[in-house]
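Below: one structure, written as structure tokens.
All ligand and atom numbering here is 1-based and tracks the order in the structure.
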Amino acid sequence: TESGYACWLDYRLIPNEPLRSAYRKRCSQLVMIGDSPLLQAARRELNLALGVMLGEAPVEAEEDAGAELSLPVLVVGTIGSSQLLNPLASLYHFDELGEEGYVIHGSGSDDNRIYLSADADKGVLYAVFHFIRLLQTGASIEQLAIRELPSNGLRMINHWDNMDGSIERGYAGRSIFFHEGRFIEDQERVRDYARLLASGGINALTINNVNVHSQESKLITDEFLPDVAKTAAIFREYGIRLYLSVNYASPMELGGLSTADPLAPEVAEWWHGAAKNIYRYIPDFGGFVVKADSEFRPGPFTYGRNHADGANMLADALAPFGGEVIWRCFVYNCLQNWRDRITDRARAAYDHFMPLDGTFRDNVMLQIKNGPMDFQVREPVSPLFGGLKETNQLLELQITQEYTGQQKHLCFLVPQWKEVFDFDTHAQGEGSTVAEVASGRLFGRARGGVAAVANIGDDASWSGHILAQANWYGYARLAWNPKLSAEQIAREWIAMTFGLDSAVERVLLGMLLSSYRIYEDYTAPLGVGWMVNPNHHYGPNVDGYEYSKWGTYHYADCHGMGVDRTVRSGTGYAGQYHSPVAERYESTALCPDELLLFFQHVPYTHRLKSGKTVIQHIYDTHFEGAERAAQLAEQWKSLASLVDSARFGQVLDRLAHQAEHAEEWRDCINTYFYRKSGIADERGRLIY
Ligand code: GCU
């Protein structure tokens, strides 16, 4: 508890006696049918959770215990596995639940039973975690009629872990998988990790960085496959399929071939052999994640081939074994000349991949970052969503807070992700949201879903900042159901992590839900992005990327700032959207304030819809943002007597740093734009 290690599976005796006995009454006996590894995991979790929360584990009864079963009992198992579950069959369509859907049913009156059931074992595991959540959040279990199906088929976590134990963009310690070029032998922590992921419904993961260096390239060889298989076995018990990031140039680096040309028969053959070997070790291996022709990674461009050639060749190698290829669309020119005002990094993914729509195999998914740039605090949604119609897609989010405070700042990202899921692409008229596109539903695709870059490491609390666990939890919940509100997710997480105290709930809820806006306010303004220190990306540096090769500019001069991405006078990026979105971004008048500088270059005196000028908006948001960041620490302090001292102190230290660092941001940004524009703050506050 004190270290935060248990995260939201922090089972504690329910302090409220009436509530605890009400629960205990309904859960005094357990009949668990079946003992597959998934069901064993479910049983362990249920016994652990109930034992701790209710003060005693339920009595496990046999299915045919007869008269004793007239007492209240929890019945857990797949439909059809026991007559005890028969009453459910007429109430729910189990054949519609698939592998992962489930039912939680119980009506206090008739038979005193609560059923946790599904069509498949994995669904039962999810039902168990859901039931535990009901108890953790203090929900009534008297009348239950819950039927859940995941909105997304693939709900994936990507690790950017390297085998030396470092984590690219990791802010929470070292890898939990690797150390000094090898797998960590003690996998207890990996098992706890699998539990946490499964509790939120995550069903897939990669364990190694998308930048696959030489040691990691060997993960698909006999040298490491036995270790990969051991890790895969742990995740399998929790319904999670393991994938690997692979090096596109593997046939050369591992196989000694002279080419990695996707159309060369020897290359295809090499990959086929590699795939076959992997499946000997891991029969349910998920497949490959590939970062190709991106930021110096090898890819098909070297051979004059395109991304479909590359992805399809790998897809054909995996298809006979049921594997899939997840091909990333983060492809752009990272050696741009800053003097070049025509090339636009924001355009790149669309320009590369749109012409290939419809040419990818059925077992390929394109993994697309939420925005066209790179996980900035504010970006428009990638126009590939809604653009691609005949290609499977995966939405890629970033849980690790590379550009959102690196787990030193509190920044609850669920509100940002909600905006992404809810964004209407208008691809098929109104209601063509990213949630509908990514899941595959809008265009009737067989595959789809969401992936996100992990924010965890071997830090005692997993995530560096204990409150950053809420992003990890929130991602999993949204991946399952993007319709959940940020508030509901935050409430669940708070209750599960800190208990049911109403003051804790009120204060933490306010902190979490305001934090994204606060962070946005004191960092780069109005969607323009960047303004961070190069390489590590932490802290303010307005011109840090201005004269660089990375394609990330704000173009501030003495008159104004922003990137003209309009069709009429700019890079034309705004034209990559469907109508009426394209028109909205094209127009200075219609463009939403928060994205104005992403799409338009305007004078500092331009008036926003809010009524303020751009320059006054910058001053106001930076003064207020820093002030509100300081208030976060004050709000947390009010919980001193309600949160255990270790977790309290850990969070307080970070909030204190955030408050100070927000002032640094405020002063750097305000001073920079005051000096550039020569326009004073209307309210005469101190600018340096
Ligand atoms: C960002 C990040 C890199 C990462 C890349 C990617 O640019 O800074 O560390 O490799 O995204 O998503 O591939």
Is the contact between Val453 and ligand 1 made by the side chain, the backbone, both, or neither, using heavy atoms and a 4.0 Å cut-off?
neither

Passing candidate, side-chain hydrogen bond (donor to acceptor under 3.5 Å, both in side chains) with Glu324, options Arg241, Arg447, Arg361
Arg447

Min N/O separation Glu295 to ligand 1 under 3.5 Å
yes

Could you tell me if any non-hydrogen atom of Trp160 lies under 4.0 Å from any atom of ligand 1?
yes

For atom 13 (O) of ligand 1, find the nearest protein heavy atom and state the residue, atom name and distance (0.1 Å precision).
Lys291 NZ, 2.6 Å

What verdict does the ring-ring contact (aromatic ring centres under 6.0 Å, His included) test give for Tyr193 and Trp472, after you've listed the backbone C-alpha separation in whole Å, the side-chain angles of each residue and the deciding distance to 0.1 Å?
CA-CA 12 Å; Tyr193 187 48; Trp472 170 20; 5.7 Å; yes

For the ring pair Trp271 and Phe288, is the centre-to-centre distance below 6.0 Å?
yes

Residue pair Ile368 / Leu384: nearest heavy atoms and the distance that separates them
CD1-CB, 3.9 Å

For Phe330, the atoms of ligand 1 under 4.0 Å from one of its heavy atoms are 5 (C), 6 (C), 7 (O), 11 (O), 12 (O), 13 (O)

What's the separation between atom CG in Asp653 and atom CG in Leu655, rounded to the nearest 0.5 Å?
9.0 Å

Give the atoms of ligand 1, by number and element, whose distance to some non-hydrogen atom of Asn211 is under 4.0 Å.
10 (O)

Would you say Asp374 and ligand 1 have an N/O pair spaced under 3.5 Å apart?
yes

So if I apply the ring pair (Phe, Tyr, Trp, His ring centres under 6.0 Å) rule between Tyr547 and each of Trp338, Tyr553, Tyr555, which one comes out positive?
Trp338

Any chance the rings of His159 and Tyr243 have centres within less than 6.0 Å?
no

CZ/Phe235 to CG/Leu242 distance, rounded to the nearest 0.5 angstrom?
7.0 Å

Less than 3.5 Å between some nitrogen or oxygen of Arg169 and one of ligand 1, yes or no?
yes

Just to be sure I'm reading this right: ignoring hydrogens, which of Glu402, Lys369, Glu396 gets closest to atom 11 (O) of ligand 1? Compare them by their nearest heavy atoms.
Lys369

Do ligand 1 and His537 have nitrogen or oxygen atoms that lie under 3.5 Å from each other?
no

Suppose we measure from atom 9 (O) of ligand 1 to each protein heavy atom; which comes out shortest, and what is that distance?
Glu168 OE2, 2.4 Å

Can a non-hydrogen atom of Arg328 be found less than 4.0 Å from any atom of ligand 1?
yes

